[in-house]
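These numbers were taken from a predicted model, which means no experiment stands behind them. Below, each value reflects all heavy atoms present in this structure, side chains not excepted, and no hydrogens, waters or symmetry copies.
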Amino acid sequence: MKIGIPRALLYPIYIPLWKTFFEELGHQVVLSGRTSKGILNNGVKTCVDDACLPVKLFHGHVMDLIGKADVILVPRLISIYPGEFICPKFIGLPEMIKNSVSGSPKLLIMNFNARDRLEKGYDGMRQLGRELGASNTNVERALDRARARQAEYESMLESGFSPKSILEKRNARQSPASVKGRIGLIGHPYLVYDDYINMNIVEKLAARGYEAIFPENVPLEDIELACSRYPKKLFWSYGKRLLGGGLTMLEKRKVDGLIILTSFGCGIDAFIDELLLRANQREYRIPQTTITLDEHTGQAGFDTRLEAFIDMMEWRGRYDNNIPAYGTDVYTGKSLV
Ligand code: SF4
């Protein structure tokens, strides 16, 4: 059977797990095309207006698979770590697709809910494997291989590779000799790893001599440690990764600047960006900017903001003593002369 997987939402994080699982069960995996104007326009036309850009884009990728696959995988990610949750939009995704996309082949809905125990999260995959006609033994064997492949992938991400460099089997990292500096690119995987949506930001940074570092490059223990400064546990898994990833980059002085890529209307990002900005202003004072993306974001405006940020960052690197012409600290306003 040809199983279609939309190249959207958490595809760049979980594709080794999903693809290996289905292939081990004897199915063929077909991916939707890379994000394009056509895919984006289809998603925007089909999805309800008030959804965020990544969810609209998921609709476009599902439509791209119509006619290419016998069934389409729609993961329903509820919780990926015990005691934590994923954005509620992921929970309602299968229903949104069913009600908005017409002419789609059967949807394969795969639940993942590890709220109580991580192991329990995989029950949704086990159930789906059995629904596809595999025996318990074959499902367990496929799952073991898929999890091993996923663990290998995640350890490569933590060692500094990007999903693109691993999935496309090319070393996209610049050698340190050619790098002027490093910029932390903080955002959900579906923004920072989708070159169409983020307007090729990684290449644009590389053209100016900067290597991008991503939240997935930060080990989970460091993320937990960085977030332990807050009195309350962060229960959004990706919010925690973005905040903890950014804080770790700042704390370890791994970056010369931080760029937050956020989707217009994302409630989780609204909090996370603010917490990161406050911590940065208070403790680290490293240049930081936020770029908000939606379906109306234009290339020219995006490039101008990026260029301005890099210019400002380099200017600060050369001249910054936190004393503007009138002699007060730029953050506290206290006199420094
Ligand atoms: S976390 Fe934000 S960007 Fe991601 S699906 Fe939810 S609302 Fe959309």
Side-chain angles (χ1 to χ4, degrees), residues 7-8 11-13 15 33-37 40 53-54 57 153-219 222 241-242 245-263 269 273 276 280 284 286-293 297-318 320:
R7 234 186 253 251
Y11 151 85
I13 302 301
I15 187 61
R34 287 178 206 291
T35 302
S36 62
K37 196 171 191 321
L40 176 61
L53 175 66
L57 204 51
Y153 179 69
E154 286 176 10
S155 83
M156 285 181 82
L157 290 177
E158 282 190 5
S159 71
F161 288 91
S162 70
K164 190 174 173 181
S165 61
I166 306 170
L167 298 173
E168 295 179 10
K169 295 192 173 45
R170 64 193 174 95
N171 189 347
R173 296 184 72 185
Q174 293 168 290
S175 69
S178 69
V179 172
K180 259 202 256 175
R182 292 186 172 78
I183 292 182
L185 207 49
I186 307 294
H188 292 273
Y190 30 90
L191 298 178
V192 295
Y193 304 128
D194 187 321
D195 291 341
Y196 183 85
I197 287 303
N198 67 34
M199 308 205 184
N200 271 318
I201 189 168
V202 176
E203 271 181 32
K204 284 175 181 162
L205 291 176
R208 291 285 304 255
Y210 291 94
E211 185 182 39
I213 304 187
F214 308 99
E216 280 68 28
N217 298 147
V218 179
D222 290 350
R241 178 167 282 280
L242 305 194
L247 288 171
T248 306
M249 291 177 199
L250 294 170
E251 179 73 34
K252 297 195 170 176
R253 300 276 155 184
K254 281 186 171 183
V255 289
D256 304 283
L258 276 187
I259 297 178
I260 318 289
L261 281 184
T262 180
S263 171
D269 283 1
D273 298 355
L276 194 50
N280 190 6
Y284 310 105
I286 284 177
Q288 174 175 337
T289 193
T290 299
I291 302 183
T292 304
L293 300 166
T297 304
Q299 180 94 15
F302 182 92
D303 288 355
T304 306
R305 297 211 50 205
L306 192 61
E307 291 285 320
F309 176 71
I310 295 173
D311 290 347
M312 181 274 293
M313 195 181 72
E314 291 181 345
W315 184 89
R316 266 193 64 179
R318 279 197 299 273
D320 184 34

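With sequence neighbours left out, the side chain to side chain contact (heavy atoms under 4.5 Å, CB included) criterion links Asn217 to Ile213, Phe214. By the side chain to side chain contact (heavy atoms under 4.5 Å, CB included) test, Pro215 is found to be paired with Ile186, Arg241, Leu242, residues two or more places apart in sequence or in another chain being considered. With sequence neighbours left out, the side-chain hydrogen bond (donor to acceptor under 3.5 Å, both in side chains) criterion links Asn280 to Gln288. Under the rule for a side chain to side chain contact (heavy atoms under 4.5 Å, CB included), the partners of Pro12 that lie at least two apart in sequence or sit in another chain are Pro163, Pro189, Tyr193. Taking Tyr11 as the reference, nothing meets the ring pair (Phe, Tyr, Trp, His ring centres under 6.0 Å) condition, with sequence neighbours excluded. With sequence neighbours excluded, the residues satisfying side chain to side chain contact (heavy atoms under 4.5 Å, CB included) with Asn198 are Asp195, Ile201, Leu261. When the side-chain hydrogen bond (donor to acceptor under 3.5 Å, both in side chains) test is applied to Thr248, no partner is found at least two apart in sequence or on another chain. Contacts of Arg208 classified as salt bridge (Lys or Arg N to Asp or Glu O under 4.0 Å), with partners at least two apart in sequence or in another chain: Glu307, Asp311, Glu314. With sequence neighbours excluded, the residues satisfying side-chain hydrogen bond (donor to acceptor under 3.5 Å, both in side chains) with Thr289 are Arg305.
Between Met199 and Lys204, the shortest heavy-atom contact is O-NZ, 2.9 Å. In terms of heavy-atom proximity, Tyr210 sits nearest to Ile310 at CE1-CG2, 3.8 Å.
In this structure, Thr304 OG1 and Phe309 CZ are separated by 15.0 Å, a value rounded to the nearest 0.5 Å. Rounded to the nearest 0.5 angstrom, Ile286 CD1 and Leu258 CG are separated by 7.0 Å. Atom CG of Asn200 and atom CG of Leu306 lie 11.0 Å apart (nearest 0.5 Å).
Side-chain contact check for Pro287 versus Met312: some heavy-atom pair is nearer than 4.5 Å. Residues Tyr190 and Leu57 are not in side-chain contact: their nearest non-hydrogen atoms beyond the backbone lie 4.5 Å or more apart. The shortest side-chain heavy-atom distance between Val192 and Val202 does not fall under the 4.5 Å cut-off. Side-chain contact between Leu167 and Tyr153 is present, with at least one heavy-atom pair separated by less than 4.5 Å.
Screening residues 249-261 for side-chain hydrogen bond (donor to acceptor under 3.5 Å, both in side chains), with sequence neighbours left out, gives Asp222-Lys252, Glu251-Tyr284.
Between the side chains of Thr35 and Asp194, at least one donor-acceptor pair of N or O atoms lies under 3.5 Å.
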